[in-house]
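The next block holds one structure in the form of structure tokens; read it before the comments.
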Amino acid sequence: MKIIVKVKANAKEEKVERVSQATLALFGLQKDMEIYKVSVKEPPVDGKANNAVIKALAKYFETSPSCVTLVSGQISKQKIFEISD
């Protein structure tokens, strides 16, 4: 499953919340992706915030951090993650 994540680094508390569901129309195909807002305490330096987001999503979806992969948005506030079983 792929999800869109809006990241807030340097937050006071860590939390994950489902915001909505977006419908993307790519190449004539419609794909529904859920949008999540993730707040982490780590700063966006040297990938620290990305690693914290991976851990927070793994905890939220009750899976291992190795099952959460950053697909795109390495240096952006909006990212796409893939969560595998």
Side-chain angles (χ1 to χ4, degrees):
M1 150 176 85
K2 288 186 180 178
I3 61 171
I4 298 170
V5 175
K6 295 180 180 179
V7 177
K8 177 163 175 28
N10 289 324
K12 291 183 180 181
E13 64 179 344
E14 181 180 292
K15 70 178 175 179
V16 177
E17 59 182 309
R18 184 174 182 267
V19 178
S20 65
Q21 188 163 350
T23 301
L24 304 174
L26 301 172
F27 308 110
L29 302 172
Q30 273 195 311
K31 176 127 180 145
D32 291 332
M33 293 179 71
E34 294 180 356
I35 301 174
Y36 288 84
K37 183 177 176 184
V38 179
S39 301
V40 294
K41 294 180 180 179
E42 285 73 10
V45 178
D46 297 329
K48 290 180 183 178
N50 288 339
N51 290 334
V53 171
I54 289 172
K55 290 177 185 175
L57 288 172
K59 184 177 178 181
Y60 181 83
F61 287 104
E62 298 177 350
T63 188
S64 168
S66 63
C67 295
V68 180
T69 307
L70 177 59
V71 176
S72 70
Q74 183 73 24
I75 58 172
S76 174
K77 288 183 180 182
Q78 186 165 317
K79 304 172 185 297
I80 296 178
F81 283 90
E82 183 169 10
I83 301 167
S84 58
D85 295 335

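Note that the coordinates shown come from a computational prediction; the quantities given were computed from them, not determined experimentally.
In this structure, the separation between CD1 on Ile80 and CD1 on Ile35 is 10.0 Å, given to the nearest 0.5 Å. Taking OG of Ser20 as the reference point, atom CD1 of Ile4 lies at 8.0 Å (rounded to 0.5 Å). Atom CD1 of residue Ile54 and atom SG of residue Cys67 lie 11.5 Å apart, to the nearest 0.5 angstrom. Between the NZ atom in Lys2 and the CD atom in Glu82 there is a gap of 5.0 Å [rounded to 0.5 Å]. With rounding to the nearest 0.5 angstrom, the CD atom of Glu17 is 7.0 Å from the OG atom of Ser39. In this structure, NZ in Lys77 is found 8.0 Å from NZ in Lys8, a value given to the nearest 0.5 Å.
Minimum heavy-atom separation, Val19 to Tyr36: CG2-C, 4.1 Å. Among all heavy-atom pairs drawn from Asn10 and Pro44, the shortest one is ND2-CD, 3.7 Å. Closest non-hydrogen pair, Glu42 versus Ala52, comes out as OE1-CB, 3.2 Å. Minimum interatomic distance between Lys41 and Glu14 (heavy atoms only, all atoms of both residues): CE-N, 4.3 Å.
A continuous path of hydrophobic side-chain contacts links Leu70 to Phe61 [ILVMFWY only; heavy atoms under 4.5 Å]. Val5 and Met33 fall into different hydrophobic clusters, defined by Ile, Leu, Val, Met, Phe, Trp and Tyr side-chain heavy atoms under 4.5 Å apart, directly or through other members. In this structure, Ile75 is not a member of the same hydrophobic cluster as Phe81, with clusters built from ILVMFWY side-chain heavy atoms closer than 4.5 Å.
Lys79 places no side-chain N or O within 3.5 Å of a backbone atom of Val71 that could act as its donor or acceptor partner.
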Worksheet entry | side chain to side chain contact (heavy atoms under 4.5 Å, CB included) assessment of Tyr60 paired with Ile83 | CA-CA 11 Å; Tyr60 181 83; Ile83 301 167; over 6 Å; no
